[in-house]
Amino acid sequence: MSSDGNGGYQPSEVEAKWQGRWDERGTNRFTSDALQTAENRYYQLMMFPYPSAEGLHVGNIFAFTGADVHGRFQRLTGKRVFEPIGFDAFGIHSENFALKQGIHPMDLIPSNVANFTRQLRQIGGMFDWNHTVDTTDPDYYRWTQWIFIQLFNAGLAVRKEAPVNWCPSCMTVMANEQVIAGRCERCDTPVEQRRIAQWFFRITEYAQKLLDNLERIDWSEKTKKAQKNWIGRSEGAILHFPIQDRDGSQIEVFTTRPDTVFGATYMVLSPEHPMVDEVTGEDQAEAVAAYRKQATAKDLVARQKVEKIKTGVPTGGYCVNPATGEPIPIWVADYVLMEYGTGAIMAVPGHDQRDFDFAQAMGLPIVRVVAGEGDGADTPLTEAYVGDGVMVNSEQFDGVAVAEAKPAIGAWLAETGRGETTVNYRLHDWCISRQRYWGPPIPIIHCEACGPVAVPEADLPVVLPRVEDFKPDDSGVSPLARVEEWYRIDCPQCGAAARRETDVSDTFLDSSWYFLRYPSTDHHDVPFDRELVRSWLPVDCYIGGNEHAVLHLLYARFITMALHDLGHIDFDEPFIRFRAHGTIIREGAKMSKSKGNVIVPDGIIEKYGADTFRTYLMFLGPYEEGGDYQDEGIQGPHGFLHRLYDTVTTAVDLENHEGSRNPAVADPDVERKLHQTIRQLTRQIPELGYNTSIAAMMEYLNVVRAGGRTAQRSEVEPLVVMIAPFAPHMAEELWEHLGHTDSIFDGANWPAFDEAKTRETSVKLAVQVNGKLRATVEGPTGMDQDAAEAAARSDENVARYLDGATLKRVIYVPNRLLNFVVEQT
RNA sequence: GCGAAAGUGGCGGAAUUGGUAGACGCGCAGGAUUUAGGAUCCUGUGGCUUCGAGCCGUGGGGGUUCGAGUCCCCCCUUUCGCACCA
């Protein structure tokens with residue numbers, strides 16, 4: 001249905017025409033040679049999509065369009081822009097959907113990819129379809145496996161048994177980053193803890209570097225902050241508490257407050273702590289066993305409830321406070337987590353609220369070791385005191401300020417081997433095993449004699465076999481373990497019978513290196529061509545959602561650092577610049593299938609065209625914040641593009657009819673506005689200020705058309721270039737109409753502005769009396785204060801307010817305002 | 001609970017960073033053209049108003065300043081991170 005009443009702009013025709021031309025001419029594609037020889041390179045990357053069965057949603061289109069606008073703008077300024085796209089198609093999401101539909105993912109994914117490709121072409125992205133990736137293609141995951149092997153050989157991939165997060169609904173383990181408030185990020189099921197041997201990447205080795213490098217990359221502050229918090233560096237000390245009556249046995253605790261050690265009146269072990277049995281006395285054995293059983297049965301949500309009343313049992317064992325030499329009881333309680341620090345704490349109830357609550361509940365002693373302002377050594381505590389003060393009840397350290405006591409007590413304990421200062425991170429090693437089917441098999445062969453052996457690189461890929469029964473189960477073992485003919489294999493080292501690793505790797509591994517692959521998809525013998533990587537990477541501008549702030553973005557940085565240290569690439573940060581786009585809501589509410597308020601892009605593109613849709617999405621709010629999609633709102637950009645089309649075609653027609661008989665006379669108002677508009681867009685588009693850029697173009701077009709005037713070529717040709725990043729098809733069409741034969745993205749230059757021509761010749765000056773607006777007067781730009789005052793005083797209304805008052809002061813801001821400060825007499 | 005960001009017309013959102021609040025657009029109202037229109041084109045549109053460039057107005061309350069949406073303090077609300085992290 002065309003809403004066009006004047007026979008002009010027909011989006012569907014224009015868009016089909018130009019998508020066809022781009023394809024035929026290879027406008028957006030790089031040949032293998034071009035990738036190698038291009039100058040002035042710019043790598044514009046957007047987070048690649050997961051190709052769902054539903055097709056692209058508005059959020060995808062919003063995200064991709066914003067990135068595409070940026071890429072197209074860069075191209076118009078003379079860069080050779082590489083803007084690839086691909087598909088992140090492995091993972092539990094696809095697998096679950098396949099299970100639900102009863103379609104094998106190997107059949108499902110290709111049709112999803114085909115549909116996404118169709119839609120991505122339809123929205124007019126400047127994608128290089130010669131260089132796409134599909135993470136489920138053996139030609140791609142072969143190299144995902146290769147990366148695993150590089151890390152394995154470097155000791156950065158280790159198999160260890162540790163408490164891991166188990167989602168009972170997805171029936172697989174998951175990384176810490178994938179657990180949100182104790183629940184599975186995918187299905188919201190409360191996550192359990194299990195002890196299963198898993199493959200981990202030792203990302204913690206890079207904790208400090210991941211933190212330090214944040215200082216020098218151009219990323220949204222929000223995202224950097226999220227990473228910083230996730231890494232969670234904290235400085236403190238490991239203190240050794242000898243177990244009473246057990247020679248040489250000791251328990252280590254991590255604390256950020258070694259200064260309060262004199263106040264440690266008991267110790268708490270996490271229920272999972274390996275030394276629980278050792279310290280538990282006979283009398284308590286049964287109670288401790290019961291408590292541990294109950295604690296491990298609880299899921300993480302239940303266990304991590306802060307408000308819940310603290311529980312725990314005494315072990316009957318004692319250890320010695322290394323500062324006081326006094327014995328203190330050892331308890332087991334689930335408020336201490338095995339995953340953080342050493343899984344054991346020294347409890348200082350006087351100065352830690354959690355310990356305080358526990359001590360009160362259990363009747364344990366509370367000792368004050370820090371006195372705040374006005375407190376004495378024995379001032380009773382009604383809650384934990386965490387403020388500043390001086391040490392008390394701490395023997396030789398009494399009277400020392402907390403700030404000095406921290407290093408002093410730390411040093412004192414270190415001297416005598418009772419502890420050492422240390423840095424602890426909240427970040428954990430990255431668990432990459434998944435007991436599922438739809439992922440790249442981890443390229444390891446388990447041999448009784450040799451242990452885990454990497455699959456020889458020449459044997460890659462380890463192809464995921466097509467199996468019909470790929471449903472996961474609760475056993476903690478991957479479905480691939482059912483495929484005997486696949487997992488039976490000889491050890492590549494000793495030739496003995498061995499078996500393949502049957503776990504597959506985390507989807508986040510697939511996406512942690514795809515940006516390295518894009519320029520090298522023509523190369524089948526290497527994961528990435530060294531020269532291409534050197535010349536195209538790191539990525540110049542990366543755009544994606546902030547929901548990946550601590551998942552994908554952290555992993556991609558880690559893999560980049562590891563590959564750098566292993567000598568495969570020469571940079572250690574993958575993305576020079578990262579910006580997160582916002583999210584789109586609809587008429588004040590989140591879009592969701594259950595509410596039935598999801599926008600179906602296909603229908604909108606059919607009705608209004610991709611250019612209008614793109615322009616509207618970029619117009620409805622600041623790109624980095626997102627905005628509210630109001631169904632009626634699209635009328636604005638729709639009308640704007642129609643008017644623009646008419647204005648340009650009319651100008652060209654007129655030129656053709658009248659030719660040089662009617663030489664163009666520059667209209668100073670239009671020319672000034674044009675240069676102001678160019679200036680604004682030139683500054684704002686690189687900063688992703690799209691909504692205001694579009695508003696500026698609308699303003700300009702309004703000036704061009706004011707009073708029904710007809711435009712001249714020189715007034716609209718630059719506007720056609722400026723609209724091109726937003727409405728590329730229409731810009732091409734108008735560019736052709738203006739007499740050009742090649743693509744606007746090859747033939748046009750981003751217009752330049754002349755600062756002199758942006759200057760207003762006259763200004764409206766606000767005239768205030770005591771800060772209240774009383775008049776505006778017009779005068780030449782840059783008039784001096786005397787002239788301004790004279791003009792202002794001659795205004796009737798101003799004069800009325802100045803009459804009979806004493807002038808105290810005059811504030812003059814040239815070209816802006818004049819403020820008379822008066823006092824009534 | 002901690003951390004961050006944000007609260008501006010009927011709505012989405014602007015505001016050169018301390019200088020005429022409400023750009024641009026939607027919606028609405030009036031008009032033109034039209035067989036018709038959910039098309040196109042003008043005009044108007046924060047509230048109150050004694051219609052005066054008068055008063056009020058950027059979540060609420062205080063403050064700094066000639067002047068505050070913008071800076072400072074307190075409070076409220078919303079959104080998003082993190083959440084027994086020792």
Report yes if at least one side-chain N or O of A:Arg679 is closer than 4.0 Å to OP1 or OP2 of B:rU16; otherwise report no. no
Closest to the side chain of A:Val336, out of B:rA86, B:rC84, B:rC24, is B:rA86
From C-beta outward on A:Ala695, which listed nucleotide comes closest to its side chain: B:rC55, B:rG67, B:rA23? B:rA23
Does B:rG25 have OP1 or OP2 under 4.0 Å away from a side-chain N or O of A:Asn702? yes
If you only use heavy atoms from C-beta on, which nucleotide in B:rG54, B:rA14, B:rG27 is closest to the side chain of A:Arg800? B:rG54
When only distance counts, do a donor and an acceptor, one from the side chain of A:Lys808 and one from the base of B:rC66, lie under 3.5 Å apart? no
Selection from B:rA86, B:rG38, B:rU20 that lies nearest to any side-chain heavy atom of A:Lys764: B:rU20
Indicate yes or no: at least one non-hydrogen side-chain atom of A:Thr311 is less than 4.5 angstrom from one of A:Tyr291. yes
A side-chain contact here means heavy atoms from C-beta on lying under 4.5 Å apart; do A:Tyr555 and A:Arg557 qualify? no
A:Gln684 and A:Glu687: side-chain contact (heavy atoms from CB on, under 4.5 Å), yes or no, with the steps? CA-CA 5 Å; A:Gln684 288 192 334; A:Glu687 297 305 319; 5.6 Å; no
Between B:rG19, B:rA86, B:rC55, which nucleotide has the shortest distance from any of its atoms to the side chain of A:Leu817? B:rG19
Please report the distance separating the P of B:rG54 from the corresponding atom of B:rG59, rounded so that it comes out in whole Å. 25 Å
Does A:Arg816 get its side chain close enough to the base of B:rU16, under 3.5 Å, for a donor-acceptor pair? yes
Within this structure, what is the NZ-to-P distance between A:Lys225 and B:rA4, rounded to whole angstrom? 6 Å
Return the nearest nucleotide to the side chain of A:Thr776; candidates are B:rA53, B:rA4, B:rC26. B:rA53
Need the pair for B:rC55. Rule: Watson-Crick or G-U wobble, both distances under 3.5 Å, any strand; none if unpaired. B:rG47
Using the C1' atom on both, measure B:rU8 against B:rA68 and round to a whole Å. 14 Å
Of the nucleotides B:rA53, B:rA86, B:rA23, which has the atom closest to the A:Ser234 side chain? B:rA86
For A:Arg292 and A:Pro271, indicate whether the former's side chain and the latter's backbone hold a donor-acceptor pair under 3.5 Å. yes
Out of B:rG27, B:rG81, B:rA86, minimum distance to the side chain of A:Phe254 belongs to B:rA86
Closest to the side chain of A:Lys590, out of B:rA83, B:rC80, B:rC84, is B:rC80
Report yes if a side-chain nitrogen or oxygen of A:Arg705 is closer than 4.0 Å to either non-bridging phosphate oxygen (OP1 or OP2) of B:rC42; otherwise report no. no
Separation of A:Asn770 atom CG from B:rG19 atom P, in whole Å? 19 Å
Atom C1', compared across B:rA36 and B:rG46: separation rounded to whole Å: 36 Å
Which nucleotide, if any, forms a Watson-Crick or G-U wobble pair with B:rA86, using both distances under 3.5 Å? none
Counting only Watson-Crick pairs (N1-N3 plus N6-O4 or O6-N4) and G-U wobbles (N1-O2, O6-N3), all under 3.5 Å, who is the partner of B:rA5? B:rU78
Does a side-chain N or O from A:Asn424 land closer than 4.0 Å to OP1 or OP2 of B:rC85, or not? no
Please state the C1' separation for the pair B:rG18 and B:rU65 - nearest whole angstrom. 9 Å
Could you let me know what B:rC11 is paired to, Watson-Crick or G-U wobble, both distances under 3.5 Å, or none if it's on its own? B:rG25
Considering every strand shown, what is the Watson-Crick or G-U wobble mate of B:rU17 when both distances are under 3.5 Å? none
Less than 4.0 angstrom between a side-chain N/O of A:Lys772 and OP1 or OP2 of B:rC56, yes or no? yes
Between P of B:rU16 and CD of A:Glu755, the distance in whole Å: 17 Å
Taking B:rG61 as the reference, what is the distance to B:rG69 when you measure between their P atoms (whole Å, please)? 13 Å
For B:rG30, the nucleotide meeting Watson-Crick or G-U wobble distances (both under 3.5 Å) is B:rC42
Flag the pair A:Met346 / A:Thr260 as yes when at least one side-chain heavy-atom distance between them is below 4.5 Å, and no otherwise. yes
Roughly how far apart, to the nearest Å, are B:rA14 and B:rG7 at atom C1'? 16 Å
Can you tell whether the side chains of A:Asp646 and A:Arg643 come within less than 4.0 Å, N to carboxylate O? no
OP1 or OP2 of B:rA39 sitting under 4.0 Å from any side-chain N/O of A:Tyr9? no
Below the 4.0 Å mark, does B:rG19 have OP1 or OP2 next to a side-chain nitrogen or oxygen of A:Asn815? no
If we take the P atom in both B:rG37 and B:rG81, what is their distance in whole Å? 49 Å
Partner of B:rC71 under the Watson-Crick or G-U wobble criteria, both distances under 3.5 Å, comes out as B:rG63
I want to check something: taking the side chain as every heavy atom from C-beta on, are A:Gln208 and A:Tyr425 in contact at a cut-off of under 4.5 Å? yes
Centroid-centroid under 6.0 Å between A:Phe358 and A:Tyr266 rings: yes
Whole-Å distance separating the CD atom of A:Glu185 from the P atom of B:rC82: 10 Å
Span that lies between the P atom of B:rA86 and that of B:rU70, in whole angstrom: 36 Å
Is there a side-chain contact between A:Arg643 and the phosphate of B:rA39, meaning an N or O under 4.0 Å from OP1 or OP2? no
Rounded to the nearest Å, what distance is computed from the CG atom of residue A:Asn229 to the C1' atom of nucleotide B:rG3? 7 Å
If you only use heavy atoms from C-beta on, which nucleotide in B:rG81, B:rA53, B:rA86 is closest to the side chain of A:Asn797? B:rA53
Examine B:rC66: is either OP1 or OP2 under 4.0 Å from a nitrogen or oxygen in the side chain of A:Arg809? Give yes or no. yes
